[in-house]
Amino acid sequence: MKEATGEVSMTVITLVAIAVIGGILAFMWPTIKDKINNLWSGAGDEQQCKKAGGKWNGSKCNY
(Lines give C-alpha, C1' and ligand atoms only; values in the text may rest on other atoms or scores of the structure.)
Protein backbone atom coordinates (compact mmCIF):
# COMPACT_ATOMS: atom_id res chain seq x y z
CA MET A 1 0.00 0.00 0.00
CA LYS A 2 2.87 2.36 0.74
CA GLU A 3 4.24 1.95 -2.77
CA ALA A 4 0.90 2.83 -4.37
CA THR A 5 0.61 5.94 -2.19
CA GLY A 6 4.12 7.03 -3.21
CA GLU A 7 3.36 6.58 -6.88
CA VAL A 8 0.15 8.59 -6.60
CA SER A 9 2.00 11.35 -4.76
CA MET A 10 4.68 11.56 -7.45
CA THR A 11 2.02 11.60 -10.16
CA VAL A 12 0.21 14.47 -8.46
CA ILE A 13 3.46 16.41 -7.97
CA THR A 14 4.35 15.90 -11.64
CA LEU A 15 0.93 17.05 -12.84
CA VAL A 16 1.04 20.14 -10.61
CA ALA A 17 4.54 21.00 -11.88
CA ILE A 18 3.43 20.64 -15.51
CA ALA A 19 0.38 22.84 -14.83
CA VAL A 20 2.54 25.53 -13.19
CA ILE A 21 5.04 25.55 -16.07
CA GLY A 22 2.18 25.67 -18.59
CA GLY A 23 0.57 28.57 -16.74
CA ILE A 24 3.81 30.54 -16.72
CA LEU A 25 4.32 29.87 -20.42
CA ALA A 26 0.73 30.91 -21.24
CA PHE A 27 1.15 34.10 -19.21
CA MET A 28 4.43 35.01 -20.93
CA TRP A 29 3.48 33.89 -24.47
CA PRO A 30 2.64 37.37 -25.87
CA THR A 31 6.06 38.68 -24.81
CA ILE A 32 7.85 35.63 -26.20
CA LYS A 33 5.95 35.88 -29.49
CA ASP A 34 6.76 39.60 -29.86
CA LYS A 35 10.47 38.99 -29.27
CA ILE A 36 10.57 36.20 -31.85
CA ASN A 37 8.73 38.37 -34.39
CA ASN A 38 11.14 41.27 -33.79
CA LEU A 39 14.15 39.01 -34.30
CA TRP A 40 12.85 37.64 -37.61
CA SER A 41 11.12 40.73 -39.01
CA GLY A 42 14.08 41.85 -41.17
CA ALA A 43 15.60 38.47 -41.93
CA GLY A 44 14.99 38.56 -45.70
CA ASP A 45 15.75 42.22 -46.36
CA GLU A 46 19.38 41.69 -47.37
CA GLN A 47 18.53 38.99 -49.91
CA GLN A 48 15.74 41.10 -51.41
CA CYS A 49 18.07 44.09 -51.69
CA LYS A 50 20.76 42.09 -53.50
CA LYS A 51 18.20 40.53 -55.86
CA ALA A 52 17.04 44.03 -56.79
CA GLY A 53 20.63 45.05 -57.60
CA GLY A 54 21.24 47.11 -54.49
CA LYS A 55 24.06 47.09 -51.96
CA TRP A 56 23.22 46.16 -48.36
CA ASN A 57 24.99 48.32 -45.75
CA GLY A 58 23.86 46.47 -42.63
CA SER A 59 20.53 48.15 -42.05
CA LYS A 60 19.23 49.46 -45.37
CA CYS A 61 19.54 49.02 -49.10
CA ASN A 62 21.41 51.50 -51.28
CA TYR A 63 20.78 51.48 -55.04
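Sequence positions, counted from 1, serve as the residue numbers for this chain.
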*Asks:* Would you mind listing every salt bridge (charged side-chain N to carboxylate O under 4.0 Å, His left out) that reaches into residues 29-40, with sequence neighbours excluded?
*Replies:* none
*Asks:* Looking at OG1 of Thr14 and CE of Met10, how far apart are the two atoms once the value is rounded to the nearest 0.5 Å?
*Replies:* 5.0 Å
*Asks:* For Asn57, check side chain to side chain contact (heavy atoms under 4.5 Å, CB included) against everything at least two apart and list the hits.
*Replies:* Ser59, Lys60, Asn62
*Asks:* So which heavy atom on Gly54 is nearest to which on Cys61, and how close?
*Replies:* CA-SG, 3.9 Å
*Asks:* Enumerate, atom names and distances included, each donor-acceptor pair closer than 3.5 Å involving a side-chain atom of residues 17-32, sequence neighbours excluded.
*Replies:*
none

*Asks:* Taking side chain to side chain donor-acceptor pair (under 3.5 Å) as the test, write out the residues that go with Lys50, two or more places apart.
*Replies:*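 For Lys50, the residues satisfying side chain to side chain donor-acceptor pair (under 3.5 Å) (neighbours in sequence not counted) are Glu46.
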